[in-house]
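Heads up: the structure comes next, in structure tokens.
So that the names make sense, note that chain A is the first sequence line, chain B the second, and so on, each numbered from 1. A quick note: this is a predicted structure, and the numbers were derived from the prediction, not measured.
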Amino acid sequence: MVKSISKDKVYELTRQIPRGMISTYSAIAKAAGNPKAARAVGKFMNVNPKPIIIPCHRVVKANGHVGGFKSGIDKKIRLLESEGIKIINGWIQDFDKHLFTKFKLE
DNA sequence: GCCATGGCTAGTA
DNA sequence: GCCATGGCTAGTA
């Protein structure tokens with residue numbers, strides 16, 4: 001039996017990512033208590049109950065690619081660009097510079 | 001049995 | 001671009 005992660009915690013962590021920054025599915029999985037649960041995090045993003053409050057568009061793949069988005073990748077890219085993130089061919093530019101990892105655990 | 005991942009490999013320029 | 005993995009979830013018994 002492996003430690004499973006809480007959906008609420010995943011949303012709580014995602015909410016901490018500030019405008020102009022991004023984080024990754026695996027970073028959130030790790031902060032939520034299971035570093036290997038990246039795919040589960042993606043699934044939670046897919047059923048995000050509060051798209052405005054919870055900025056799931058700021059969550060991308062660990063290799064710097066944008067990853068998926070419920071209402072279309074283009075929309076995710078536009079949202080990120082409107083927040084100052086540069087994206088070329090689906091790849092986040094200056095990935096390290098925008099990467100947010102300082103999640104607060106309560 | 002699915003998948004909004006991740007990481008490794010092959011194959012081109 | 002492929003496949004192994006982890007964690008859901010729908011749908012049957």
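Set against B:dA4, B:dC3, B:dG6, the side chain of A:R39 has B:dC3 as its closest nucleotide. Nearest nucleotide to the side chain of A:K7, out of B:dG6, B:dA4, C:dT9: C:dT9. The side chain of A:M45 approaches B:dA4 more closely than any other nucleotide in the set B:dT5, C:dT9, B:dA4. Closest to the A:A38 side chain, of the nucleotides B:dC2, B:dG6, B:dA4, is B:dG6.
Across every non-hydrogen atom of A:F44 and A:V10, the tightest pair is CD1-CG2, 3.7 Å. A:C56 and A:F69 get closest at one heavy-atom pair: SG-CE1, 4.0 Å.
At the heavy-atom level, A:K43 lies under 4.0 Å from base atoms of the strands shown. Residue-level contact check: A:N46 touches the bases, meaning some heavy atom is under 4.0 Å from a base atom.
In this model, a donor atom of one side chain and an acceptor atom of the other lie less than 3.5 Å apart for A:E83 and A:H57.
To the nearest 0.5 angstrom, A:K86 atom NZ is 9.0 Å from A:K97 atom NZ.
The nearest heavy atom of DNA chain C to A:V47 and to A:K36 marks one nucleotide each, and the one closer to the 5' end goes with A:K36.
As a whole-Å value, the separation of A:N63 CG from C:dG1 C1' is 13 Å.
Across all strands shown, the partner of B:dG1 is C:dC8, judged by Watson-Crick or G-U wobble contacts whose two distances both fall under 3.5 Å.
The side chain of A:S26 places an N or O atom within less than 4.0 Å of a non-bridging phosphate oxygen (OP1 or OP2) of B:dG6.
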